[in-house]
A.B. asks: 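One structure is given below, represented as structure tokens, and several questions about it will come after.
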Amino acid sequence: MLPLARFTVLDLTRVRSGPTAVRQLADWGANVIKIEAPEEIDTGKGLGGDTHGPDYQNVHRNKRSITLNLKSLDGLAVFRRLVEQADVVVENYRPDVKSRLGIDYESLAAINPRIVLGSISGFGQDGPYAKRPGFDQIAQGMGGLMSVTGLPGQGPVRAGIPVADLTAGLYTAIGILVALLEREQTGKGRWVHTSLLEAMVAMMDFQATRWTMKGEVPKQAGNDHPTTIPTGLFRTSDGVINIAGGGGEMWRRIVAVLGIEQEAADPELATDALRSRNRARTNAVLQARLETDTAANWVEKFNAAGVPCGPVYSMDQVFADAQVRHLGLAWPVPHPQLGEITLVRPPMQLEGVEPPRRPTPERGEHTTSVLREFGFAPEEIDSLRARKAI
């Protein structure tokens with residue numbers, strides 16, 4: 001019995017932020033029913049990409065799929081019957097779409113007061129930008145991330161992953177779990193919603209509060225840490241490494257490992273504040289010594305001395321790393337058409353619980369079986385299919 005097996009989730013999400021939220025529930029056993037439009041209604045592969053591609057397979061795993069035409073009255077009627085028995089609905093439509101379809105929180109709660117609705121939008125459910133289409137890179141720009149990413153003077157740079165999408169999904173999943181916990185006391189559901197913009201600003205964390213509390217506008221720091229010196233990327237004789245070493249004791253350890261006691265005696269490097277003020281000079285002292293040995297040797301020496309240090313990997317090197325292999329982050333999943341595929345396992349571990357390994361379903365693969373579980377008679381299902389409601 002998996003931790004979330006008692007919860008039924010109706011998944012109306014698309015692309016990434018919403019599917020990321022639902023995946024957190026599916027990976028721990030929730031009965032997730034992915035609702036897709038019939039192929040006659042949606043003939044393209046859409047923004048979610050190739051359904052047999054790595055992205056789609058990773059984000060939609062551990063679900064079942066039914067087809068449902070929510071643009072028809074019959075299809076909406078079917079959806080409402082599913083809501084009667086469900087615990088959670090998750091969607092990432094633009095805010096006005098919910099009301100047009102009748103799947104807003106008030107409408108769903110009238111059918112099932114225990115329902116929890118999780119919603120993700122681009123900019124919020126109301127306000128001057130509420131009807132704007134949302135996209136990860138737009139939120140990265142408006143949330144401040146692009147202004148602090150990249151080399152000083154380079155100009156704004158996007159992060160290499162869709163940070164706003166992913167974090168909006170994670171925050172939504174957390175909110176849904178909070179609402180389900182509260183429901184155990186109140187018996188009532190809630191509407192949980194966030195947006196790409198809200199998630200992105202929240203993820204700016206200390207960079208955001210540097211402004212809100214101190215009036216500082218963070219700048220690009222490149223591979224250096226914006227506040228902790230010396231922390232950054234350094235060249236070795238055969239590659240690059242990351243060193244994280246702010247603070248007096250950590251500085252002393254770095255000096256000892258590198259054997260640069262004489263250089264570190266420079267009065268301009270005497271304190272944390274001075275090293276911060278003279279960042280370029282501090283880094284140059286380290287850099288000169290680091291280029292005399294290999295990345296692997298320095299990583300070993302620094303970690304032995306208790307200084308956080310690590311290599312900088314390409315993706316193939318990540319999955320070849322001994323610790324990554326030990327943790328089992330490459331996650332084999334059997335697929336009926338593709339054979340054994342390898343996804344990325346859930347990053348948190350619940351001792352004694354093994355997440356399910358069900359592949360992403362084909363569109364509508366479980367329509368008949370799911371509807372029968374919800375009490376639809378065989379002839380009723382045949383009639384709905386004839387009327388193109390499913």
A.B. asks: Just by distance, do the side chain of T360 and the backbone of R61 share a donor-acceptor pair under 3.5 Å?
C.D. replies: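 The answer is yes, because a donor-acceptor pair under 3.5 Å joins these two groups.
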
A.B. asks: Distance-only, no hydrogens or angles: does the S237 side chain make a donor-acceptor pair with backbone N or O of D293 under 3.5 Å?
C.D. replies: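 Here the side-chain-to-backbone pair exists.
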
A.B. asks: Mark yes or no for whether N31, through its side chain, and A5, through its backbone, hold a donor-acceptor pair below 3.5 Å.
C.D. replies: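 Such a contact is absent between N31 side chain and A5 backbone.
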
A.B. asks: Suppose clustering is done on Ile, Leu, Val, Met, Phe, Trp and Tyr with side-chain heavy atoms closer than 4.5 Å. Which residues sit in the same group as V312?
C.D. replies: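 L233, V240, listed by chain and number.
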
A.B. asks: Identify whether the distance between the nearest side-chain nitrogen and carboxylate oxygen of D224 and R279 falls below 4.0 Å.
C.D. replies: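 Answer for the salt bridge query: yes.
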
A.B. asks: Mind checking whether F123 and Y129 have parallel, tilted or perpendicular rings, split at 30° and 60°?
C.D. replies: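 It falls in the perpendicular class, over 60°.
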
A.B. asks: Would you say the side-chain atoms of R363 pair up with the backbone N or O of A37, donor to acceptor, closer than 3.5 Å?
C.D. replies: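 Yes, because the side chain of R363 sits within donor-acceptor range (under 3.5 Å) of the backbone of A37.
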
A.B. asks: If the test is side chain to side chain contact (heavy atoms under 4.5 Å, CB included), which one of T292, I243, V307 qualifies with W298?
C.D. replies: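 Passing option: T292.
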
A.B. asks: Which residue in the set L68, N92, V22, L70 passes side chain to side chain contact (heavy atoms under 4.5 Å, CB included) when paired with L12?
C.D. replies: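 The side chain to side chain contact (heavy atoms under 4.5 Å, CB included) with L12 is passed solely by L70 among L68, N92, V22, L70.
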
A.B. asks: Measure from the side-chain N and O atoms of T367 to the backbone N and O of T67, and report whether any donor-acceptor pair falls under 3.5 Å.
C.D. replies: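 A pair under 3.5 Å: yes.
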
A.B. asks: Is there a donor-acceptor contact under 3.5 Å from the side chain of Q185 to the main chain of L181?
C.D. replies: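 Looks like no, no N/O pair under 3.5 Å.
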
A.B. asks: In the structure I gave you, are the side-chain heavy atoms of Y171 and V192 within less than 4.5 Å of one another anywhere?
C.D. replies: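 Counting from C-beta outward, Y171 and V192 never come under 4.5 Å.
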
A.B. asks: Using a strict cut-off of less than 4.0 Å between a Lys/Arg side-chain nitrogen and an Asp/Glu carboxylate oxygen, indicate whether D96 and R100 qualify as a salt bridge.
C.D. replies: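 Salt bridge flag = yes for R100 with D96.
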
A.B. asks: Would you call D74 and K388 a salt bridge, taking side-chain N to carboxylate O under 4.0 Å as the test?
C.D. replies: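 Result for this pair is no, no salt bridge flagged.
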
A.B. asks: Are R281 and E268 ion-paired here, with the side-chain N under 4.0 Å from a carboxylate O?
C.D. replies: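 Result for this pair is yes, salt bridge flagged.
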
A.B. asks: Are D55 and R16 ion-paired here, with the side-chain N under 4.0 Å from a carboxylate O?
C.D. replies: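 Looking at R16 together with D55, the answer is yes, because their closest N to O distance falls below 4.0 Å.
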
A.B. asks: For side chain to side chain donor-acceptor pair (under 3.5 Å), just list the numbers for Q317 and S314, CA-CA rounded to whole Å, side-chain angles, deciding distance to a tenth of an Å, and then say yes or no.
C.D. replies: CA-CA 5 Å; Q317 293 172 320; S314 58; 3.1 Å; yes

A.B. asks: So P359 and P336, do their side chains get closer than 4.5 Å, heavy atoms only?
C.D. replies: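 Yes, at least one pair of side-chain atoms sits under 4.5 Å.
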
A.B. asks: A quick test of your reading: do over 12 heavy atoms of other residues, nucleotides or ligands sit less than 6.0 Å from CZ of R275?
C.D. replies: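 Yes, because the 6.0 Å sphere around CZ of R275 holds more than 12 heavy atoms from other groups.
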
A.B. asks: Salt bridge or not between E249 and R252? Use side-chain N to carboxylate O under 4.0 Å.
C.D. replies: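 Looking at R252 together with E249, the answer is yes, because their closest N to O distance falls below 4.0 Å.
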
A.B. asks: Donor-acceptor check, side chain of R158 to backbone of Q140, threshold 3.5 angstrom: yes or no?
C.D. replies: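 Absent.
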
A.B. asks: Show the nearest heavy-atom pair for residues Q337 and H52, with the distance to one decimal.
C.D. replies: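 Residues Q337 and H52, closest heavy atoms: OE1-CE1, 3.3 Å.
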
A.B. asks: In sequence, state the C-alpha distance, the side-chain angles, and the governing distance for Y56 and D50, and then conclude on side chain to side chain donor-acceptor pair (under 3.5 Å).
C.D. replies: CA-CA 7 Å; Y56 199 90; D50 179 5; over 6 Å; no

A.B. asks: Is it the case that the side chains of S383 and E380 hold a donor-acceptor pair, with the cut-off being a distance below 3.5 Å and no angle test?
C.D. replies: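 No donor-acceptor contact under 3.5 Å links the two side chains.
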
A.B. asks: Kindly compute the distance separating OH (Y105) from CD1 (I115), expressed to the nearest 0.5 Å.
C.D. replies: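 CD1 of I115 is found 9.0 Å from OH of Y105.
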
A.B. asks: Using the side chain to side chain contact (heavy atoms under 4.5 Å, CB included) criterion, which residues pair with A270? Sequence neighbours excluded.
C.D. replies: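 Residues passing side chain to side chain contact (heavy atoms under 4.5 Å, CB included) with A270: L274.
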
A.B. asks: Give a yes or no answer on whether the side chain of N303 reaches the backbone of C309 with a donor-acceptor pair at less than 3.5 Å.
C.D. replies: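 Yes: the side chain of N303 pairs with the backbone of C309.
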
A.B. asks: Using a strict 4.0 Å threshold on nitrogen-to-oxygen distance, state whether R6 and E184 make a salt bridge.
C.D. replies: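 E184 and R6: salt-bridged.
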
A.B. asks: Any chance you could lay out the side chain to side chain donor-acceptor pair (under 3.5 Å) test for W191 and S119, step after step, and finish with the verdict?
C.D. replies: CA-CA 8 Å; W191 184 19; S119 298; 2.9 Å; yes

A.B. asks: Does E198 use its side chain to pair, donor to acceptor, with the backbone of G124 at less than 3.5 Å?
C.D. replies: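 Not at all, since once roles are kept as given, no pair shorter than 3.5 Å links the two residues.
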
A.B. asks: With a distance cut-off below 6.0 Å to the six-membered ring centre and an angular limit of 45° from the axis, does R81 pair with F376 as a cation-pi contact?
C.D. replies: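 Geometry flag: set, cation within 6.0 Å and 45°.
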
A.B. asks: Apply the side chain to side chain contact (heavy atoms under 4.5 Å, CB included) test between V88 and each candidate in D11, V9, V32, L117; give the one that qualifies.
C.D. replies: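 Only match with V88 under side chain to side chain contact (heavy atoms under 4.5 Å, CB included): V9.
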
A.B. asks: Between E373 and R64, is there a salt bridge with N-O shorter than 4.0 Å?
C.D. replies: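 Yes, this pair counts.
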
